[in-house]
Amino acid sequence: MGIIKNYIEKKKKGMEKLHVRKIIAYKVSNIAMSVFRFLLLLGLGYVILYPLLSMLSYAFNGDYLGNATFVWIPSKFSLTNIKVAITYLEYWDSLKNTILLATVSAVLQIFSCSLAGYGFARFNFKGKNLLFLIVLLTIIVPPQTYIISTYLDFRFFNFFGIGKLFGFKVNLINSFWTFWIPSIFSMGLRSGLFIYIFRQFFQGLPRDLEDAAYIDGCGAFKTFLQIMLPNAASACLTVFLFSFVWHWNDYFVSNMMFQIKNEPLSVVMFRQADFSRGKGPVGIDWNMKYMLNAAVLLNILPILVLYVVAQRYFIESIANVGIKG
Amino acid sequence: MKKGKSKLIERRNNVGYFFIALWIIGVIFFFLKPAIQTLIYAFSDVIVKDNMATTFIGLENFRKILFEDIDYVRDLTSSLTDMLYEVPIIVIFSMFIAGILNQEFKGRTFARVLFFLPVIIASGISIEILSSNGMSTDVSGKDTVFMFKTVMLENTLAEIGISSSLVSYFAGLINRIFNICWKSGIQILLFLAGLQTVPKSYYEVSSMEGATAWEEFWKITFPLLSPYTLVCVVYTIIDSFTYYQNKIMMLIKTSYDAQKYGYSAAESWLYFIVILVILLLVTKLIFRNVVHIDE
């Protein structure tokens, strides 16, 4: 008996030792992992933050000659750059334009794309697959390919040919309608992607929801508006955020559509950036690098604020929507 | 009885047309019509007056692009090779970062906020100006050098005796780290979403069976992420092709600004066909290996 007991004791101790060793190894590898992770994130974080930090540094710097002893913190703090940038960007006007353009377009896109996405997700009408293929095609084909024709359509806009009967046409260039009209018909900026997002989302919702509504005698549209859309709040938020940001940052289409007035920030800024390459009006004290950085700061500040406030939704958004190949 | 039921279903399905009615109008007037019109321009000589006057000239525009234009073919091949180089790196990088950001650690939220920052800034003109902040003129004063460049490291590695092709690949990787970080925001987001769909129980079972983290990655995570990988690859390719600072995009814009509408239409159509072929090839290649567990 004693021998066996002894043996068991011994074995237990051995096991414990092994256990302790394993725990230590586990802990060491854990610490190594977090150190590695920390260093990696620090390094890459620096790469990402570098341009933003240097932007701040330039924007508030009043020492244009450049002082080699100061790298990050400006030796002479000044708001001149910001003030000059506000003047040349016509900041408050362009900001108003940008916000108006982006918000209305985003809301219209939510409306039209959710309708189309729901149609593609729940109804098996004839030609559905072919039509959805066209949706995918609209994602792939860059607007650059057909923008010329769209531009002319808006230059001589006649309500899809209806106006032609009465010899009627308007010039919509330089107005927000160049963005709003395509958004209403879910062909706005990256609308294809949003239709795809909504379709994925609606496909993931249980059918019982609608069946209950149908049994209660709701029509398809009423079901959509009262049952499905409220349930799709997270998808709507995703689409709103992305649409807003992409409209804010869009430069190519806006540059084409806005030439004289109502320009959003990105267009004005691009022209100022062009000025700095020597095309600008003579005699303006546009101290290039400093002012440009101040202008960029003014441009991204609103979306940066939006991002910080809504970052939780940004990050969770895609997960909620469940995009998949 | 049965017939009546199927008719009811058909009628209900046809309601779908009402839902996509707006889209159908949109796609006809803002996609198909413009696309066909530019296709016509591509085969014509376009003269701008009150309206566009077109004269059919057949393949003349395409012939000029392919055989007379010195820039087009060269820029196309260079942006293709750039893409071949960058897309795999961006996808692997973002998968890796998503893996890290999916772990539990202090400051995770902050790290996530940081890595998604490019999503909201990188698509605009701002980043163009911002990234030029990192530029500085080198000693000779001729070339502009980007600050995240690795001349020293290259020399050191070469002196140690590592083969030059490996060194240049490695250096190329590091030289692009800025671009890669700033271009993979959405991709990280997608992979992170993908990682959240992998059931935790799979890992519990595999660790009970004694699988290492390495095996877990290749046998569980990687296959289950494959649908997301497909989306990521496609997104990255489209993104790099339609990026407005892309050389071809600049070319198209230049001809457009010079009012050579027919020529620029031909340029963009040629470009689009190349994109489409590449996308089809890639999708076909990856789609065969995509794993679907649900359904």
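All chains are named by letter (A, B, ...) in the order of the sequence lines, taking the proteins before the strands, and each is independently numbered beginning at 1.
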Restricting to non-hydrogen atoms, name the atom on [X] and the atom on [Y] that form the minimum distance, rounded to 0.1 Å.
X: A/Val47; Y: B/Ile177; value: CG1-O, 4.3 Å
X: A/Tyr146; Y: B/Phe30; value: CE1-O, 3.6 Å
X: A/Gly119; Y: B/Phe19; value: CA-CB, 3.7 Å
X: A/Met187; Y: B/Val27; value: CG-N, 3.7 Å
X: B/Leu117; Y: A/Leu304; value: CD1-CD1, 4.0 Å
X: A/Phe242; Y: B/Val119; value: CE2-CG1, 3.7 Å

Could you check which of [options] has the highest count of heavy-atom pairs closer than 4.5 Å to chain B?
options: A/Thr138, A/Leu306, A/Ile300, A/Ile139; value: A/Thr138
options: A/Phe244, A/Phe38, A/Phe224, A/Tyr214; value: A/Tyr214
options: A/Leu49, A/Ile184, A/Leu131; value: A/Leu131
options: A/Ile140, A/Thr150, A/Ile147, A/Leu297; value: A/Ile140

Side chain to side chain contact (heavy atoms under 4.5 Å, CB included) between A/Phe125 and B/Ile20, worked out: CA-CA 11 Å; A/Phe125 45 85; B/Ile20 63 164; 3.6 Å; yes

Tell me, for [X] versus chain B, whether the close heavy atoms (under 4.5 Å) come from the side chain, the backbone, both or neither.
X: A/Ile48; answer: both
X: A/Ser34; answer: neither
X: A/Lys128; answer: neither
X: A/Asn299; answer: side chain
X: A/Leu137; answer: both
X: A/Phe111; answer: side chain
X: A/Val135; answer: both
X: A/Asn255; answer: side chain

Which atoms of [X] are under 4.5 Å from chain A, going by heavy atoms: the side chain, the backbone, both sets, or neither?
X: B/Tyr235; result: side chain
X: B/Gln103; result: side chain
X: B/Ile186; result: side chain
X: B/Ile97; result: side chain
X: B/Phe18; result: both
X: B/Phe272; result: side chain
X: B/Trp182; result: side chain
X: B/Leu276; result: side chain
X: B/Ile238; result: side chain

task: Go through the steps for B/Phe93 and A/Leu44 under the test side chain to side chain contact (heavy atoms under 4.5 Å, CB included), then give the verdict.
output: CA-CA 11 Å; B/Phe93 174 81; A/Leu44 293 175; 3.8 Å; yes

query: Who passes side-chain hydrogen bond (donor to acceptor under 3.5 Å, both in side chains) against B/Gln37, sequence neighbours left out?
result: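 If we apply the side-chain hydrogen bond (donor to acceptor under 3.5 Å, both in side chains) test to B/Gln37, skipping adjacent residues, the hits are A/Ser149.
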
- request: Check step by step if side chain to side chain contact (heavy atoms under 4.5 Å, CB included) holds for A/Leu40 and B/Phe96.
  value: CA-CA 11 Å; A/Leu40 187 86; B/Phe96 179 70; 3.5 Å; yes

